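The structure appears right after this line, and notes come after that.
Not measured: the values here are computed from a predicted model. Start at 1 and go down the list; that is how both ligands and their atoms are numbered.
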Amino acid sequence: MWKNIQPAPPDSILGLTEQFKKDTNPAKVNLGVGVYKDNSGKTPILGVVKKAEQRLLGEQTSKSYLPISGDPAYGRAVQRLILGDDSETIQSARAVTVQAPGGTGALKVGADLLKRFNPQATVWVSSPTWANHNGIFGDAGFAISSYRYYNPESKGLDFDLMCEDLARIPAGDIVVLHTCCHNPSGVDPDQAQWDEVVRIAADRGWMPFLDFAYQGFGDGVTEDRYAVERFGATGKDFLVASSFSKNFGLYNERTGALTIVCPSAEEAGVAMSHVKTVIRTNYSNPPAHGGLTAAIILGDEELYQQWLLELGAMRERIREMRRALVKGLADCGVDEDFSFIERQRGMFSFSGLSDAVVEYLRKEKSIYMVGGGRINLAGLTTENIDYVCTSIAEAIQNAG
Ligand code: LMR
């Protein structure tokens, strides 16, 4: 069967990790995949996660199936986290949440659900966006188009052009928005700009699909959910794909959620009935461990506070690395102004480095970045930062 079939290209992000693992250069640095690393270059298990897992293992009496929609306590905890404790959306039961295998799983379940009832819609993604958005919505059978977002000149948000495009999107189409810590650019709208985006969405009648994978990596858990709260206040339909991969470090437990917010509790019930059929035919019901662990933490005030501290430490370390990179590049005599890196938020920065420089760094220096120049700042450490800065300076000189 496969004899005349061409192999598929490696994944633009996860394929890079495969390449990195094979690289024998002891100085190699992975600034590719969006995985947090501590200052020793390790991806730690959070202390609070260890505690919750111990409790879970001690108390768990069965490995029987979860419901199709996942652990109900997990669903409630996710809603409080992404919408806020006092959310009217929660109080009026207008939101339903299903546990999903990671943020990617949540996006795919949502995409398949929307495709059933809105098959002619176009899905609009930011330019640029996380490469897998195109894969997920494309595989679900949607036509994909893009709205303007990032300005390579200013290294910031092209807000006017973004609004111009969003205001032209027809009712019923689906618009994917990064709730915070835009991937790949690290450039987010501010609160006033979100207000405007929410206004346009309500006015035009397109369906917002919020990708919320980095809650807590921008300014904080509460600050980062601003857009979700504002969309909730409109009383209109939208979806949120959220993830605990990054903020709980539960990458390989595939712990995410799809939340569907509707104008009424009745409609939310209908949405839930259908999303369960999507899940049932895909993977039947979700894996339990990550969700049960997260639910323990989110349901226990002491553990919750510990989690906020550990998350804050991750956020602060990444900020420090942003500052160190900007200073390090200036110290190496790089003329270009990289100060924008300090203004960008979350794990990523669009470095502005050309593809030729990115390739030089990978081939000559074993420093791995995603094509287009996306850097995962969390891959930098006080140990490798000098090597990275001198290598970038050399690469710009030789290949820039
Ligand atoms: C990334 O963008 O690097 C992460 O979201 C991991 C992934 O699945 O691509």
(request) Kindly confirm or rule out a cation-pi arrangement of R374 over F350, judged by NZ or CZ under 6.0 Å from the six-membered ring centre and within 45° of its axis? (result) no
(request) May I ask you to check if K246 and F217 form a cation-pi contact, with NZ or CZ under 6.0 angstrom from the six-membered ring centre and within 45° of the axis? (result) no
(request) Between V35 and ligand 1, find which residue part has any heavy-atom pair under 4.0 Å and reply side chain, backbone, both or neither. (result) neither
(message) Please classify the R374 to ligand 1 contact at 4.0 Å (heavy-atom distances, strictly less than): side chain, backbone, both or neither.
(response) side chain
(message) If you measure every N or O of G34 against every N or O of ligand 1, does any of those distances drop under 3.5 Å?
(response) yes
(message) Just to confirm my output: which protein heavy-atom neighbour is closest to atom 8 (O) of ligand 1, and how far is it?
(response) W130 CZ2, 3.6 Å
(message) What protein heavy atom lies closest to atom 5 (O) of ligand 1? Include the residue and the distance to one decimal.
(response) K246 NZ, 3.2 Å
Please check if any side-chain donor atom of [X] sits under 3.5 Å from a side-chain acceptor atom of [Y], or the reverse.
| X | Y | answer |
| --- | --- | --- |
| S127 | S146 | no |
| H178 | N183 | no |
| R148 | S126 | no |

(request) Determine whether the aromatic ring centres of F348 and H182 lie less than 6.0 Å apart. (result) no
(message) Need the ligand 1 atom indices (1-based, order shown) with element for anything under 4.0 Å from a heavy-atom of V33.
(response) 3 (O), 6 (C)
(message) Any atom of ligand 1 sitting under 4.0 Å from a heavy atom of I13?
(response) yes
(message) Would Y214 count as a contact residue for ligand 1, given that I'm defining contact as a non-hydrogen atom of the residue lying under 4.0 Å from a ligand atom?
(response) yes
